[in-house]
Each structure stands twice: as structure tokens, then as C-alpha cells.
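Worksheet for the structure shown next.
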Amino acid sequence: MKQLLIRADDLGYSYAIDLGIARTVHEGVVRSVGLMPNMPEATRGWSLLAHADIAVGQHTNLCLGKPCADPALIPSLLGPDGRFKRSREYHAAWAAGVEPIDFNEACIEIRAQHERFTQIVGREPDYFEAHAVRSNNLYRAIHEVAAELGLKEQPLPLDVPTVRCGATEVRLVMESARADYVPARDIRRAIEGMADGRTVVLICHPGYLDEFALATSSLTRARAQEADLLVDPAFREWLDTIDDLRLVDYRNL
């Protein structure tokens, strides 16, 4: 039996993105959603899903918006405007062989975002991971805080065959990293290529677009295309034709 977990990242990013994610839950096949606790739309975004039977995770965000921690405690993570450094700065540092994140400061902000998460959602996250920054110190900080809090960590690296999440070895797939990404084609191909007995976490970023998303995200049209696919009845019917495929969420891992 193959297991497929379809995850929607970035709840809280913007109002329009939240609307798209909510639709993929209420009308589509998404059962795991990652919440960005520090973003202004996080509370309203969660209100759209609060009564849905889904797994909700802490999608820890260190590269957009304002921090949850006291800015004086995490100066290296912030720009002159008091907001997080943008992902392109972290990517440039990583490409130059420079570790872009201070471990101790990352732990401080991760804990502060966890506190905000529990205030918004009213319970602990079903899984615990990080958004859009390549950093060994960030991965290590997520691991340490998850262990400290007794939470289910979803390790991030996409360049290894599998990682362990809970009691399950999973393969992470994020097709949107490709320059020629076409969701309706590439997501189907990824599912068709699943190996027997494997669990695949398909990382998606569905959502609709507003000015904030257009101005700040490198992933734009693909969000709307993913949202359309994940609510398409024909896509769900196609999934149902795969006899050895089980749809799961993070609570099953």
C-alpha cells in the first residue's frame, strides 16, 4: 500500500492565499495545512479552517514579516526595518557557503512562534517544520525545539531519499521547485511514480493571489493552478482509481 500526504503550506501568508488553501480543504483533498504563526493573516486564516478535520502544523517562518520574539533577542535575523531578512538573502549566503542562520536566535524565534501558534489554534501542532530557508542551523534548531516540546518533527531536506517523520519514513516531493512546473501534469506524474510501500509527502502551496502575494512571493501563478487542481473533482476521482493508494495526514504518521 502506498500512502500519499498532500500538504498545503503558508496559511497566514495573505488573505487571498488563505482563501485558496481553505477551498482545497473544504472542497478538495488537502488534509494537512502549515500555519505561519507570525503573519498578520494567521488568525483569520485559521478561522477559515478551525472546524475542519485536518492536521495543522507550525510552518515556522524566518524570512517574511515581523518576528514573534523580542527583536532585541534575534538581531541577526532581522533587517533594518525590524522585519525578517528575505529568503533571497539567506539563499545567497547558502550559495556562498555561509551558514545564514544563528542557531540560538533561531531557537528563540521558533519557541516564540510556537507560543503564538498555540494561542491561535488552541492546541499543539500536529507537525513541526520550517519555511523556505536552507540552513543547517535552522534544521538543527527545529529538531531541538521539537524534541524539547515533544512534537512531531517533519525534517525538511529535499535532497535526500527519505526522512523519518514520527514513526514513518517519508519521501518529500515539491514539484514547484522546477522552473517548468505545471501542477496538473507534474503532480500526477509524481503520484504515478510512487514506489510500492512508500509514503510520499507532496508539498503544495495552493492559494489565490492578492497584491501582497504578488509583491513578496516568487511562487505566484502556480499557487492558483495548484488550488484549481486540488479541488478538481476529476483529480479526486483519479486518485480513487488507484487501488493501492491511501490518502493520509500527519496524524497518521
Original post:
Taking only residues two or more places apart in sequence or in another chain, which ones pass salt bridge (charged side-chain N to carboxylate O under 4.0 Å, His left out) with Glu41?
Top reply: Arg44
**OP:** Taking the side chain as every heavy atom from C-beta outward, state whether Ile54 and Leu49 have any pair of such atoms under 4.5 Å apart.
**Re:** yes
Could you pull out every donor-acceptor pair under 3.5 Å between side chains of residues 185-204 and any protein atom, sequence neighbours left out?
| from | atom 1 | to | atom 2 | distance (Å) |
| --- | --- | --- | --- | --- |
| Arg185 | NH2 | Asp180 | O | 2.9 |
| Asp186 | OD2 | Val182 | N | 2.8 |
| Thr199 | OG1 | Gln3 | NE2 | 2.9 |

**OP:** List in chain and number order the residues that pass side-chain contact (heavy atoms from CB on, under 4.5 Å) with Ala141, two or more places apart in sequence or in another chain; answer none if no residue qualifies.
**Re:** Phe103, Ala106, Cys107, Ile110
Original post:
Quick one: is the NZ or CZ of Arg7 closer than 6.0 Å to the six-membered ring centre of Tyr127, and within 45° of its axis?
Top reply: no
Subject >> Residues which pass salt bridge (charged side-chain N to carboxylate O under 4.0 Å, His left out) with Asp18, listed by chain and number, not counting sequence neighbours >> reply: none
Subject >> Partners passing salt bridge (charged side-chain N to carboxylate O under 4.0 Å, His left out) against Arg251 (at least two apart in sequence or in another chain) >> reply: Asp53, Asp249
Subject >> Members besides Leu156 in its Ile/Leu/Val/Met/Phe/Trp/Tyr cluster (side-chain heavy atoms under 4.5 Å) >> reply: Tyr139
**OP:** Would you mind listing every ring-ring contact (aromatic ring centres under 6.0 Å, His included) that reaches into residues 158-190, with sequence neighbours excluded?
**Re:** none
Original post:
Would you say the side chains of Asp102 and Ser76 form a donor-acceptor pair under 3.5 Å?
Top reply: no
Original post:
What distance do Cys63 atom SG and Leu77 atom CG have between them, rounded to the nearest 0.5 Å?
Top reply: 11.0 Å
Original post:
Sequence neighbours excluded, which residues qualify as salt bridge (charged side-chain N to carboxylate O under 4.0 Å, His left out) partners of Asp244?
Top reply: Lys2
Original post:
If you take all heavy atoms of Ala227 and Tyr208, which pair is closest and at what distance?
Top reply: CB-CE2, 4.1 Å
Original post:
Taking atom CZ of Arg221 and atom CG of Leu214, what is their separation to the nearest 0.5 Å?
Top reply: 12.5 Å
Original post:
For residues 27-40, which residue pairs qualify under side chain to side chain donor-acceptor pair (under 3.5 Å), counting only residues two or more places apart or in two chains?
Top reply: Arg23-Glu27, Asn38-Asn61
Subject >> Pairs satisfying salt bridge (Lys or Arg N to Asp or Glu O under 4.0 Å), at least one member in residues 104-126, at least two apart >> reply: Arg111-Glu148, Arg123-Asp126
Original post:
At what distance, to the nearest 0.5 angstrom, does NE2 of His205 lie from CG of Leu219?
Top reply: 6.5 Å
**OP:** Examine distances only and state if a side-chain atom of Thr216 and a backbone atom of Phe212 form a donor-acceptor pair shorter than 3.5 Å.
**Re:** yes
Subject >> Inter- and intrachain pairs under ring-ring contact (aromatic ring centres under 6.0 Å, His included), touching residues 20-69, at least two apart >> reply: His59-His131
Original post:
Applying side chain to side chain donor-acceptor pair (under 3.5 Å), which residue pairs with at least one partner in residues 82-96 are found, sequence neighbours left out?
Top reply: none
